[in-house]
A.B. asks: 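Pasting a structure below so you can have a look.
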Amino acid sequence: MLVVNRFRVTPQEQDAFRDALEDARAALAACPGFVSGTIGRNVDEPALWVLATTWEGPGAYRRALSSYDVKVRAVPVLGRAVDEPGAYEVVEPGAAINEARARSLG
């Protein structure tokens with residue numbers, strides 16, 4: 001599963017935001033099911049930042065969000081994300097996509 005969180009950050013707060021975002025990624029990375037995480041800043045619009053994380057599945061991501069350490073270190077930063085859907089299924093060649101069915105939490 002791929003999770004994309006985008007943020008708009010003023011130039012005055014970008015250094016503090018970057019530190020907070022790196023700490024949020026570290027908190028998420030310590031959770032079971034975390035595969036990878038990348039922080040980026042838009043080349044054309046420097047006020048736009050992204051945290052992209054990859055998880056073993058939706059259950060791992062949801063459990064990570066409920067962990068105490070993530071609630072303290074990451075949720076305040078994630079709460080600043082642009083309000084848009086951010087969880088994506090990874091599409092593999094030949095795999096069916098967008099199936100109308102419940103997803104496993106495990």
A.B. asks: Given 3.5 Å as the limit, does a donor-acceptor pair link the side chain of R8 with the main chain of A47, or not?
C.D. replies: no
A.B. asks: Identify the two heavy atoms, one from P76 and one from K71, that lie closest to each other, and give their separation to 0.1 Å.
C.D. replies: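 Answer, listing the atom of P76 first, then K71: CD-O, 3.4 Å.
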A.B. asks: Going through the distances and angles, do N5 and W49 end up as a side chain to side chain contact (heavy atoms under 4.5 Å, CB included)?
C.D. replies: CA-CA 8 Å; N5 298 106; W49 289 69; over 6 Å; no
A.B. asks: May I ask you to test the V77-D23 pair for a side-chain heavy-atom distance under 4.5 Å?
C.D. replies: no
A.B. asks: Are F34 and L2 joined in one hydrophobic group, where the rule is that I, L, V, M, F, W and Y side chains link up if heavy atoms are under 4.5 Å apart?
C.D. replies: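 No, because F34 and L2 fall into different hydrophobic clusters, even though each may have its own neighbours under 4.5 Å.
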A.B. asks: Kindly give the heavy-atom pair with the smallest separation between L65 and V70, and that separation in Å.
C.D. replies: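 Smallest heavy-atom distance, with atoms named: CA-CG1, 4.0 Å.
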A.B. asks: Over all heavy atoms of both residues, which pair between E13 and R80 is shortest? Give the atoms and the distance, please.
C.D. replies: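 It is OE2-NH2, 3.0 Å.
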A.B. asks: If you group Ile, Leu, Val, Met, Phe, Trp and Tyr by side-chain heavy-atom gaps below 4.5 Å, do V35 and Y88 land in one group?
C.D. replies: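 No, V35 and Y88 fall in different hydrophobic clusters.
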A.B. asks: Return the minimal non-hydrogen interatomic distance between S66 and R63, and the atom names on each side.
C.D. replies: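 So the two residues come closest at OG-O, 2.9 Å.
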A.B. asks: Are L28 and V3 side-chain neighbours, meaning at least one heavy-atom pair lies under 4.5 Å?
C.D. replies: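 Contact flag for L28/V3 side chains = no.
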A.B. asks: Flag yes if V50 and V9 sit in one hydrophobic cluster, no otherwise; membership is Ile, Leu, Val, Met, Phe, Trp, Tyr, and two members link when side-chain heavy atoms are under 4.5 Å apart.
C.D. replies: no
A.B. asks: Going only through I, L, V, M, F, W and Y residues with side-chain contacts under 4.5 Å, is there a path from V4 to Y61?
C.D. replies: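 No, it is not one cluster - the side chains of V4 and Y61 are not joined through contacts under 4.5 Å.
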A.B. asks: Answer whether the closest heavy-atom distance between the side chains of M1 and T54 falls below 4.5 Å.
C.D. replies: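 The answer is no, as the side chains (C-beta and beyond) never meet within the 4.5 Å cut-off.
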